[in-house]
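Here's the structure we're looking at; comments come further down.
To find a chain, count down the sequence lines: A is the first, B the second, and so on, and within it residues start at 1.
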Amino acid sequence: MGTENKNTPARSAGGEEKKSLNFIESIIEEDLKNNKNNSVVCTRFPPEPNGYLHIGHAKSICLNFGLAQKYNGKTNLRFDDTNPEKEEVEYVESIKEDVNWLGFNWEGEARFTSDYFDQLYEWALKLVNTGFAYIDDQASEEISKQKGTPTQAGIESPYRNRLVEENLDLFTRMKNGEFKNGERVLRAKIDMASPNMHMRDPIIYRILHKEHHRSGNKWCIYPMYDFAHGQSDYIESITHSVCTLEFEVHRPLYDWLLNHLYTEGTIRPRQIEFARLNLSYTIMSKRKLLELVQKNLVSGWDDPRMPTISGLRRRGFTPASIRKFADIIGVAKRDNVIDVALLEHSLRDDLNKIAPRVMAVLNPLKIVITNYPEDKEEWLKIENNPEDESMGTREMPFSREIFIEQDDFMEDAPKKFFRLAPDKEVRLKAAYIIKCEEVIKDDKGNITELRCTYDPDSKSGSGSEASKRKVKGTLHWVSVKHAINAEVRLYDRLFNDEDPAGHKEKDFKEFINSDSLKVLNGCKIEPGLKDAKPESKYQFQRLGYFCVDRRDSKPDNMVFNRTVPLRDSWSKINK
RNA sequence: UGUCCGAUGGUGUAAUUGGCAACACAUCUGAUUUUGGUUCAGAAGAGUCCAGGUUCGAACCCUGGUCGGACAGCCA
């Protein structure tokens, strides 16, 4: 387990470096010190199965599972499935897959709030019996009107003081299906004048004649989030219920309910809120992501441009890079916007260490090496990863005709252009030094081919004087005869605005980057890539990190996705 | 004329709880490099939202402001 130190390493008494705690860790350590909850730590990740997980959820996942790991605790996976109108099994499966892929294992089986419906109903009955909940017959508009506004107290419902017996009878009949959707609700009796809107007699049960993806038609009343979440935490003995900031105002209700249902001596969960992740050039709202999918603006939830976990996965992100990212962005309570560059940094950092180097030419330009024998071919030895010797070497075929990148040749090259130009020399990586002798063009003036000569004594690694010669540039290349054709998809950020969802007057879709996907066909890759497995990751030397697309790549028609380009200081100079 | 939460370089997070504001990303130099990658060395960039106060000493404590966010679903 690598414990990367990020922030100022505080010196502990022993003198070894210690990472400073985030505010949640501080709370937990304080609890541990006080032996609260028998010094047990149990967290949970509680998604509603109504969509795919995204990078924002990844932050929460890493936080919740990370906290438990750090303090020797457990983490539950719980599907918060109290609204059958929005939830589907498809999402349950994808969520499980994504959490696992990120590298986390939840405690026992996945849980479902719907498994607690009986208990929740019992607790609702208890509130009714103790006079803390009542049935309201009013229509939703009426109730909403009486609720007041944040700056104005609400007024009490005419049904607020119903007798317990009547409430009990009506609630039972609600449960038995005697009423239609919206005809009645169960409300907690708290305080219509509370400055906190959530305490103004919140609705805790509503009628919904709708089949549930798990409980089927057993129920036609469903608990609201507020009545389900805290109690589910309580049922599962969650000690620290970590959620995002928008639930802060719900906390008094969370605590109020627990106060009425809590049994002395049991583990009492505590809600802690942190600021959700915002990423520049990205949208995070499930609703908007769904819109992109539904309007076919992307190919699906796992489109490599999507910030979904499945999208990042297909793009070629590694779980480790996402975990690292979650670690370095930290956890706090202030609103934040994290620069996507930071995500890309942790991606490259990981890929640089693990991705084998490979040669691929995206926009091929043919070179004929005129003094290289027609029928000769050599297999040249080349390292797989200069960062990691243990990854060994491989052999690559070299011959008279090779492809180089179109960008690597310029007829009228500026001084700083370290690549091939007429009469200039360049090294072919792991091969020979070549010199450009002639430029062949078609009748329109397009460059179609280059004629070069090579220096036979300059072979890489041969130890000869010529092999040690310093030439300005080193190019990647692929032998024409041996190259495999491939499709390469170049992905760029989906939006060209830093905050696509942050414009009041404009729809976020107006900021979609029309160049976010470029499909290149006829790319030339080295023959060793023939058996590359779906999702395997490579560095296309001098270009970037690429992976075999897990959906569309076929053995006879390979498809690579560009995960992220290499940092490119040349393009900056070039501007 | 509400309640709650927040405010530290461009961005994000720290500051061992009152002791010279640090780390990462981004930016810019330079070195190394058979990847214009990596690595290494370095630079610049905040005096901690504002105004008072307490203190030998305040990013941290107190008072009063300012600005930003959340809350008016039978969504979660």
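In this structure B:U17 sits in the syn conformation; its chi angle is within 90° of 0. Classification of B:G37 as anti follows from a glycosidic angle more than 90° from 0. In this structure B:G47 sits in the syn conformation; its chi angle is within 90° of 0.
B:A72 and B:G47 are spaced 42 Å apart, taking the C1' atom of each and rounding to whole Å. A gap of 23 Å separates the C1' atoms of B:G52 and B:G19, to the nearest Å. The separation of B:A59 from B:C50, taken at their P atoms, amounts to 11 Å, rounded to a whole angstrom. Spacing of C1' atoms, B:C60 relative to B:A7, comes out at 14 Å, to the nearest Å. Nucleotides B:C62 and B:C71 place their P atoms 28 Å apart, quoted to the nearest Å. Spacing between B:U11 and B:C49 at atom P, rounded to whole Å, works out to 13 Å. When the P atom is compared between B:A21 and B:G69, the two are found 32 Å apart, to the nearest whole Å. One C1' atom belongs to B:U55, the other to B:G42, and the distance between them is 39 Å to the nearest Å.
The CG-P distance, from A:Asp191 to B:G2, rounds to 18 Å in whole Å. In this structure, CG of A:Asn22 is placed 16 Å from C1' of B:U17, rounded to the nearest angstrom. A straight line from CG of A:Leu343 to P of B:C25 spans 14 Å, rounded to a whole angstrom. As rounded to whole Å, 7 Å separates atom C1' of B:G12 from atom CG of A:Asn336. Rounded to whole angstrom, the span from the CG atom of A:Asn278 across to the P atom of B:G12 amounts to 10 Å. Rounding to whole angstrom units, CZ of residue A:Arg334 and P of B:U11 are separated by 11 Å. We find that CG of A:Leu63 is positioned 13 Å from C1' of B:U13, with the value rounded to whole Å. Atom pair A:Asp339:CG and B:U27:C1' shows a separation of 11 Å (rounding to whole Å applied).
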If pairs are Watson-Crick or G-U with both distances under 3.5 Å, what is the dot-bracket string of RNA chain B, marking crossing pairs with [ ] and pairs to another strand with |?
.((((((..((((.....[..)))).(((((.......))))).....(((((..]....))))))))))).....
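Of the charged side-chain nitrogens involved, none lies within less than 4.0 Å of a carboxylate oxygen, so that A:Arg214 and A:Glu87 do not count as a salt-bridged pair.
Within 4.0 Å of A:Val337, counting heavy atoms only, lie sugar-phosphate atoms of the nucleic acid but no base atom.
Between A:Ala275 and A:His345, it is A:Ala275 whose nearest contact on RNA chain B lies nearer the 5' terminus.
Put simply, the side chain of A:Ile135 reaches to within 4.5 Å of the side chain of A:Asp137, judged on heavy atoms. Taking 4.5 Å as the limit, some side-chain heavy atom of A:Leu362 sits within range of a side-chain heavy atom of A:Phe540.
A side-chain N or O of A:Ser460 and one of A:Arg427 form a donor-acceptor pair less than 3.5 Å apart. In summary, the side chains of A:Thr318 and A:Asp350 do present a donor paired with an acceptor at a separation below 3.5 Å, with no hydrogens or angles considered. Of the N and O atoms on the side chains of A:His476 and A:Glu405, at least one donor lies less than 3.5 Å from an acceptor on the other residue. A donor-acceptor pair shorter than 3.5 Å can be found between the side chains of A:Tyr432 and A:Glu378. Side-chain atoms of A:Asp98 and A:His57 include no donor-acceptor pair closer than 3.5 Å. Side chains of A:Gln138 and A:Asp136: a donor-acceptor N/O pair is present below 3.5 angstrom, by distance only.
For the ring-ring contact (aromatic ring centres under 6.0 Å, His included) with A:Tyr222, the qualifying choice from A:Tyr121, A:Tyr205, A:Phe117 is A:Phe117, the only one to do so.
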For nucleotides 30-40 of chain B, just jot down a letter per nucleotide in 5' to 3' order: B, S or -, based on protein non-hydrogen atoms under 4.0 Å.
----BBBBB--
Heavy-atom protein contacts under 4.0 Å, nucleotides 69-76 of chain B, coded B base, S sugar-phosphate only, - none
SSSB-BBB
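For an aromatic pair to be called close, the ring centres must be under 6.0 Å apart, and A:Trp570 with A:Phe418 fails this. Under the 6.0 Å cut-off for aromatic ring centres, A:Tyr254 and A:His250 do not qualify, their centroids lying 6.0 Å or more apart. Taking the six-membered ring where the residue is Trp, the centroids of A:Phe317 and A:Phe325 are separated by 6.0 Å or more.
Using a 4.0 Å cut-off, no side-chain N or O of A:Lys324 falls inside it from OP1 or OP2 of B:A24.
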